[in-house]
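Structure first, then comments.
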Amino acid sequence: MQSRNLTPFDRLLSGANNALRTIAAPAAYAARPSPAENVPEAELDSRQKRHAAGLMRINHAGEVAAQALYQGHATVARDKNIEAQMQRAADEERDHLAWCEQRIGELDQAPSKLSPVWYAGAFAIGAVSGALGDKWGLGFIAETERQVCDHLDSHLQELPDTDARSRAIVAQMRDEEQEHGQHAIEAGAAQLPAPVQGLMRLTAKLMTKTAYWV
Ligand SMILES: [Fe+2]
Ligand SMILES: [Fe+2]
């Protein structure tokens with residue numbers, strides 16, 4: 001596999017390239033069509049539209065962080081199979097990112113202005129947890145995906161009932177995040193200590209509260 005021969009500098013360049021694509025590029029990189037593709041647009045009033053856009057902006061920010069988390073871990077992963085698995089998950093996360101971005105645009109709003117902050121923070125966490133050893137990096141990913149699933153479930157409650165396009169995207173993301181978490185567990189994820197889990201929930205809360213508005 002090509003990635004076996006990458007030097008640390010190559011990895012750094014590829015990481016920087018991915019960061020730029022995540023933060024700065026328009027939603028052009030989805031490999032799969034959006035789950036909303038054939039779902040008709042609903043009549044939403046301005047309040048519903050603003051609320052749906054806020055929720056999708058949170059999800060977009062989460063996907064920016066997911067990109068960074070997986071890239072950060074892949075950069076330091078010791079096991080080549082795990083590195084490949086991280087890359088595959090990151091590819092699906094890129095679709096999620098593009099679908100969310102597209103949907104935010106349809107709702108006449110823009111993604112979070114703080115994307116570079118979400119990316120940098122999550123990349124550092126992914127690299128640090130991965131550097132502690134693959135089982136901790138995987139543990140971090142498994143716990144993140146679990147929390148993200150809970151959070152997407154809550155969005156399925158909160159989104160306007162009629163907003164079937166946003167719902168289709170969130171529902172498919174939810175199923176795939178569950179798979180990512182399961183794969184991380186099967187690859188040997190360690191269970192994180194409760195205080196770390198709590199800290200992660202707190203950080204996610206800060207991000208979601210902010211990204212709803214900014
Ligand atoms: Fe995702
Ligand atoms: Fe995921």
Side-chain angles (χ1 to χ4, degrees), residues 18-19 21-23 25 27-37 52 54-75 77 81-105 111-112 114-115 118-119 121-123 125-127 129-130 134 136-156 158-159 165-189 192 197 200-201 203-205 207-208 211-212:
N18 193 72
R21 290 206 313 192
T22 304
I23 296 165
Y29 285 97
R32 297 170 296 162
S34 167
E37 193 181 47
L55 296 177
M56 293 310 281
R57 190 159 46 234
I58 292 175
N59 295 331
H60 181 269
E63 295 300 334
V64 167
Q67 279 297 306
L69 183 62
Y70 278 105
Q71 291 296 336
H73 189 128
T75 305
N81 291 325
I82 292 179
E83 185 187 338
Q85 185 189 323
M86 297 294 106
Q87 284 296 349
R88 265 197 308 279
D91 288 345
E92 289 191 354
E93 306 290 11
R94 189 173 303 125
D95 287 349
H96 298 176
L97 183 76
W99 300 340
C100 287
E101 187 173 329
Q102 221 168 29
R103 185 64 191 143
I104 294 169
S112 172
L114 298 173
S115 288
W118 312 137
Y119 194 96
F123 187 92
I125 292 171
S129 65
D134 283 338
W136 293 110
L138 289 166
F140 191 83
I141 284 169
E143 177 59 21
T144 302
E145 296 285 14
R146 197 181 65 73
Q147 292 189 14
V148 169
C149 280
D150 288 351
H151 164 85
L152 292 173
D153 277 336
S154 78
H155 278 197
L156 287 172
E158 267 199 66
L159 278 165
R165 283 179 75 83
S166 299
R167 288 178 163 278
I169 295 170
V170 172
Q172 177 146 351
M173 277 166 48
R174 192 211 170 277
D175 291 349
E176 292 183 2
E177 313 306 10
Q178 196 165 33
E179 263 176 43
H180 297 159
Q182 195 52 41
H183 289 160
I185 290 168
E186 284 159 14
L192 299 185
Q197 294 182 13
M200 287 166 69
R201 262 193 296 275
T203 313
K205 203 168 180 178
M207 189 179 95
T208 54
Y212 183 85

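As the structure lists them, so they are numbered: ligands from 1, and atoms in each ligand from 1.
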Flag the pair [X] / [Y] as yes when at least one side-chain heavy-atom distance between them is below 4.5 Å, and no otherwise.
X: Tyr119; Y: Gln71; answer: yes
X: Leu69; Y: Phe123; answer: no
X: Glu63; Y: His60; answer: no

Is it the case that Glu176 and His96 place a side-chain donor and acceptor less than 3.5 Å from each other? yes
Check: Glu177/His180 side-chain N/O donor and acceptor closer than 3.5 Å: yes
Near the Fe ion (ligand 1), which protein N/O/S atoms are found at less than 2.8 Å? Glu63 OE1, Glu63 OE2, Glu93 OE1, His96 ND1, Glu177 OE2
Gln147 side chain to Gln197 main-chain N or O, any donor-acceptor pair under 3.5 Å? yes
Could you tell me which N, O or S atom of Glu145 is nearest to the Fe ion (ligand 2)?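 For Glu145, the N/O/S atom sitting closest to the Fe ion (ligand 2) is OE2.
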